[in-house]
Every structure is written in C-alpha cells, then in structure tokens.
2 protein chains.
Amino acid sequence: MLTEERQQIILEQLKIHNIVKLHDLIPLTGASESTLRRDLQDLENCHKLLRIHGGAQNAISLHEEPALSQKATVHLDEKKAIGRTAAGQVRNQEVIFLDSGTTIQFMIPYLIEHKDLLVITNSVDNASMLADYDIETFLPGGKLKSSTKALIGSTMIQTLETYHFDKAFLGTNGFSMDSGYTTPDPEEAAIKTLAMKRSNQTFVLSDSSKYCQVSFSKFADLQDATLITDKLPEKESGLLNKKTKIMEVN
Amino acid sequence: MLTEERQQIILEQLKIHNIVKLHDLIPLTGASESTLRRDLQDLENCHKLLRIHGGAQNAISLHEEPALSQKATVHLDEKKAIGRTAAGQVRNQEVIFLDSGTTIQFMIPYLIEHKDLLVITNSVDNASMLADYDIETFLPGGKLKSSTKALIGSTMIQTLETYHFDKAFLGTNGFSMDSGYTTPDPEEAAIKTLAMKRSNQTFVLSDSSKYCQVSFSKFADLQDATLITDKLPEKESGLLNKKTKIMEVN
DNA sequence: CCAAATTCGTTCAAATTCTTTCAAAAAACT
DNA sequence: AGTTTTTTGAAAGAATTTGAACGAATTTGG
C-alpha cells in the first residue's frame with residue numbers, strides 16, 4: 001500500500017467519524033504502528049488533522065468554535081513575534097488599517113513605539129485595546145457581527161471607499177498556494193479586499209497553522225500582500241516564496 | 001474511548017441539558033469517576049464549562065452576569081435594578097439608542113427578553129457586550145475617546161442626524177434642579193443631546209448618588225427626559241417630581 | 001447543630017501511548 | 001549490478017492516561 005493511499009484512508013475515516021484511533025487504523029491499512037504514526041505526523045504538519053493521544057481528530061472540528069482558548073495559548077509566542085514584526089513595519093505619523101482577529105491584536109502593544117499614529121479598525125475588540133494603549137483610533141460605522149465582533153455591511157464599505165491608508169494589516173483564516181487568502185464570511189472578505197485597495201501596502205498576518213487551510217471566501221491572491229508568519233517547513237517556504245513576499249519571524 | 005471523544009460527549013450533554021451530573025456521565029462514556037473528574041477540570045480550564053458540586057453546567061449562561069470591571073461594582077444592586085427597569089420600557093421590534101457608561105451597560109442582559117431589537121450605540125464596550133448577547137447592533141462611525149471608550153466627533157454627529165430612534169437611554173455624570181443633566185466632555189454632551197433630538201422618547205439612567213452633582217457640559221433639562229433612578233429621599237423626590245418624570249426602582 | 005452520605009482532590013501504580021533510534025527492506029538513480 | 005536515498009518495522013525508554021484508594025470537604029436530612 002502506498003503512502004498516499006494510507007493517508008487518504010485516514011482522512012476518509014476522519015471525515016466520517018471526526019475522531020479516529022491509531023489502533024483502528026492498523027487493520028484498515030495493514031501498516032505498522034510506526035508507519036501510521038509517521039502518517040499522522042505528516043498530515044498534522046499539513047494541518048489536515050490534529051493529533052491527539054491515541055489517534056487524531058479533524059483539524060476543523062465541527063463542534064468547536066473558532067475561538068479556542070486552548071490553541072490560542074499554544075500559538076501565543078508565535079503570535080507575539082508576528083505582532084512585533086508587523087508593528088515594526090509602521091512608521092511615525094502613518095495612517096494604518098487594522099483588521100479584526102486575535103493575531104492582529106498582538107500588534108497593538110508594539111504600536112506605542114510610534115508617534116502620531118492614526119489607526120482605523122473595524123474590530124470592536126481592537127478598538128477597546130487601542131483605547132487602553134491610548135492610541136488615536138477611528139471606527140468607521142457598521143453593523144456588528146456578533147461572532148467576531150467585527151463591523152461589516154454597506155455603511156462600512158461606503159466609508160472605507162473614502163479613506164486612504166499607508167498600510168493595512170489583515171488577518172486570515174487560511175492561506176494556500178491554490179486559493180490564496182481566504183476567510184469564512186463574504187462580508188468580511190469584502191472589507192478586507194477593500195481595505196487592501198485603499199492602502200499603499202498590505203500585510204497579512206497569520207501563524208503557520210493556517211497554511212493549507214481554505215475557507216469559503218477568497219479576499220486576495222498571495223502576491224497581493226506581504227505575508228508575515230512564523231517558521232514554515234523549508235520546502236513549503238520555498239514554494240510560497242515564488243508566489244509572495246514572506247517575512248518569517250524567529 | 002479517547003479523551004477528546006469523552007469531552008465531546010460531555011459538551012454535547014451540556015448543550016442539551018445545560019447541566020450534567022458526573023454520575024450520569026459514567027455510563028455514557030464508560031470511563032471511571034476519576035477520569036471524568038479530570039475531564040471536567042480540563043474543560044473548565046478551557047472555559048468550556050463551569051464545574052458545580054456533583055457535575056458541571058454551561059459556561060455561558062446568558063442569564064448570568066458577565067464579568068464586570070471592579071469600579072462598576074460600587075452601586076451594583078442599584079444599577080442592576082435601574083437596568084432592569086430601563087430594559088422593561090423597551091418593546092419588541094423597536095430601534096433604541098444606548099449611550100456609553102456602566103449604568104447603561106446593566107440594561108443589556110435584560111434586553112434579550114425582547115425580539116427583533118435593533119440597538120445603536122456609541123460605546124465600544126456596550127457593543128462588545130451586545131455581541132455577547134447576540135443582539136443586533138449598529139455602530140455609527142467616530143473617533144474613539146480612549147478614557148470612556150465612546151465614539152465621538154463630527155462623523156458621529158453627521159451619522160446620528162440621519163437616524164431616528166424609538167427610545168434613547170442615556171447615562172449622566174450628574175443631575176440637579178438648577179443645572180439639569182450634565183457631563184464633563186462637551187463632545188459627549190453634544191452626542192447625548194442629538195440622540196435625544198432624534199428619539200421619540202428619552203430615559204436618563206442614574207443612581208441617586210449623582211443627584212446634585214454638576215459637571216461642565218449640560219446636555220438636557222430635567223423635563224426633557226424620564227429619569228430612572230433608585231430611591232431618593234422623600235423631600236428631594238417631591239421637588240424633582242415637579243420638574244421631571246421619575247421612575248424610582250425598588 | 002450534628003451525623004451520615006456524597007462528592008472532591010490528591011496520590012500512586014499499572015497500562016497504554018508516544019518519541020527516538022536503528023537496521024533492514026524497498027525504491028530510485030547512476 | 002552497485003550505490004544512494006527513502007520508507008518501513010521493531011525496540012527501548014520517556015511521557016501520558018487511567019482507575020483505584022483514601023482522607024478532606026461539602027451537601028443532605030434529621
């Protein structure tokens with residue numbers, strides 16, 4: 001049995017059961033425990049699944065909400081490093097757009113280094129934090145999306161049309177060679193796209209776990225922005241570099 | 001059975017029953033008491049549930065008080081009562097304006113009683129809380145004032161000019177016979193005044209400690225709004241009643 | 001208020017699972 | 001055929017999970 005075949009079987013089982021035990025995979029594939037462990041590890045590196053003690057579970061668990069406090073702390077250091085690097089791109093007296101999302105939020109503490117900044121954001125959470133750091137902030141009007149606490153809708157679109165930013169910093173739910181940058185909500189995607197259009201330069205912040213993830217709405221091609229992320233596997237990094245400019249932190 | 005499987009079962013049971021007994025989980029999962037205790041502890045650490053004696057309950061019970069900042073707890077019971085009374089004035093399908101301020105915030109938990117509400121607010125904190133309670137919310141654009149996390153400025157004014165509310169609920173820093181309702185920041189005062197103007201009916205929420213307090217900017221006369229407050233001394237109450245309509249709670 | 005009954009937290013040993021390492025087998029290349 | 005590279009399975013020690021036991025804490029019922 002080929003490697004690809006085995007991994008296909010594993011992913012199929014996951015689609016059906018959401019969780020699969022390593023032991024159950026042995027008779028299904030005829031491979032040894034060691035081999036299957038290696039398969040699970042490979043698949044986890046591509047973020048196709050999540051390893052758990054005794055087996056694996058779907059990477060995008062149907063039951064869980066996107067805000068996982070468990071995982072948020074796992075990627076804490078990466079996000080901090082990404083946030084610091086992103087904030088380092090900002091210059092004094094610039095006007096910048098900050099998207100919603102936790103990764104973006106990690107930029108904020110490092111922004112106080114810069115003087116006379118004006119921040120425009122569509123995120124209520126970011127706004128609150130910016131106020132805590134006493135950074136001049138403007139919110140365009142909009143309808144509040146309760147799940148992400150981001151502002152969306154036609155009012156937001158119309159307002160953004162009249163603005164111009166030096167730099168825009170966006171979050172993403174996934175990025176991949178084929179599909180570019182994607183996010184679940186088309187309304188949020190529209191705002192990201194527009195923010196890019198109204199900005200001289202765009203950065204997308206994403207920890208490497210979002211690599212190979214694809215959501216419903218594409219908001220940009222890889223080459224349209226500079227990706228700021230933590231260390232990707234050597235091979236992947238090489239592939240991506242042909243399509244986009246990457247800043248790898250750490 | 002894997003750890004994640006058990007924990008999913010627990011969370012599913014919680015979704016259905018809102019409360020689950022440890023004993024009932026034993027036959028459902030086939031795990032021992034010890035293991036299930038550990039699961040409950042893990043899940044509590046992730047804020048997925050709340051442990052109680054004998055089992056666990058849902059972490060986000062909508063009817064429970066969310067986390068409040070420390071200084072807000074000064075007149076806690078009074079503010080709760082004021083918030084409940086104020087929310088009682090609202091009818092289904094109305095469009096209401098919520099001002100910034102902690103007292104106003106106490107209204108929000110009671111608003112879920114009403115269907116098809118649309119809330120407009122200039123407070124980032126309120127917006128965040130409204131999102132938690134899944135209440136449809138709209139934020140007019142504006143400059144963020146860092147000390148109060150309220151939105152102010154000309155954009156806000158222009159936007160409000162185009163709106164119309166069924167009811168407006170305002171906070172105040174002081175109210176007195178002579179000076180009416182007052183607040184420190186003229187910019188915020190201007191927004192309060194405008195919100196009143198654009199609303200069929202206005203309520204000012206204030207605990208009785210604000211009586212006889214006078215701030216810099218007056219935003220309304222006493223007779224322009226209905227005051228919702230806790231018990232005032234008999235004599236004061238009589239005096240005020242000649243100038244304004246009062247709803248005393250408790 | 002007290003006593004019995006439950007429930008809770010902690011500790012410990014056994015069982016299972018995980019990681020690492022290494023050599024054999026298979027595949028790919030010259 | 002011979003050599004290098006990759007894949008595979010096995011083994012050993014580390015790490016994690018599990019169930020049971022026992023005293024402490026809490027709830028219940030008089």
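Computation of the quantities below employed the complete heavy-atom set of this structure, encompassing side-chain atoms and omitting hydrogens, waters and symmetry-equivalent molecules. Throughout, a chain's letter reflects where its sequence line sits, starting with A, and its residues are numbered from 1.
- Annotation: side chain of B:L205 is not in contact with side chain of B:L170 (no heavy-atom distance under 4.5 Å).
- The NZ-P distance, from B:K21 to D:dT27, rounds to 16 Å in whole Å.
- Atom pair B:I26:CD1 and C:dC8:C1' shows a separation of 13 Å (rounding to whole Å applied).
- A straight line from NE2 of B:H23 to P of C:dT6 spans 9 Å, rounded to a whole angstrom.
- Fit an axis to the five pairs at each end of the helix from C:dC1-D:dG30 to C:dT30-D:dA1 and the two axes sit 40° apart, to the nearest 10 degrees.
- A:L227 has its side chain out of reach of A:K245: every pair of non-hydrogen atoms, C-beta onward, lies at least 4.5 Å apart.
- Per the geometry, CD belonging to B:E5 stands 15 Å off C1' belonging to C:dT17, to the nearest Å.
- Judged by distance alone, with hydrogens and angles left aside, B:R38 brings no side-chain donor or acceptor close enough to the base of C:dG9 to form a pair under 3.5 Å.
- Counting any heavy atom pair closer than 4.0 Å across all strands shown, A:I52 reaches sugar-phosphate atoms only and no base atom.
- Contact check, B:R37 against C:dT10: no side-chain N or O comes under 4.0 Å of OP1 or OP2.
- In this structure, the CG atom of A:L40 is 13 Å from the P atom of D:dT8, given to the nearest Å.
- Side-chain atoms of A:K167 do not come within 3.5 Å of backbone N or O of A:S199 as any donor-acceptor pair.
- Rounded to a whole Å, the CD atom of A:E33 is 10 Å from the C1' atom of D:dA10.
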All N/O contacts under 3.5 Å from nucleotides 25-29 of chain C to the protein, with atom names and distances to one decimal?
none

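- When the side-chain nitrogen and oxygen atoms of B:T35 are compared with OP1 and OP2 of D:dA20, none of them lie within a distance under 4.0 Å.
- For the pair B:R51 and C:dG9, the criterion of a side-chain N or O lying under 4.0 Å from OP1 or OP2 is met.
- Computed from coordinates, the A:Q41 CD to D:dT8 P distance equals 14 Å when rounded to whole Å.
- Atom CG of A:L22 is separated from atom C1' of D:dT16 by 15 Å (rounded to the nearest Å).
- Taking the six-membered ring for Trp and the full ring otherwise, the centers of A:F175 and A:Y211 sit less than 6.0 Å from each other.
- Across C:dT7, D:dT17, D:dA10, the shortest atom-to-atom separation from the side chain of A:S32 is found for D:dA10.
- How far CD of B:Q7 is from CG of B:L40: 9.0 Å, rounded to the nearest 0.5 Å.
- For residues 100-112 of chain B, no pair satisfies salt bridge (Lys or Arg N to Asp or Glu O under 4.0 Å), with sequence neighbours left out.
- Although no hydrogens or angles enter the test, the distance criterion places no donor-acceptor pair under 3.5 Å between the side chain of A:N126 and the main chain of A:T121.
- At the phosphate of C:dT11, neither OP1 nor OP2 sits under 4.0 Å from any side-chain N or O atom of B:S34.
- The CG atom of B:L139 sits 9.0 Å away from the CG atom of B:L130 when rounded to the nearest 0.5 Å.
- Atoms CD1 and CZ, on A:I19 and B:R6 in that order, are 10.0 Å from each other to the nearest 0.5 Å.
- Paired with A:K192 under the rule side chain to side chain donor-acceptor pair (under 3.5 Å), one option of A:D185, A:D99, A:T172 passes, and it is A:D99.
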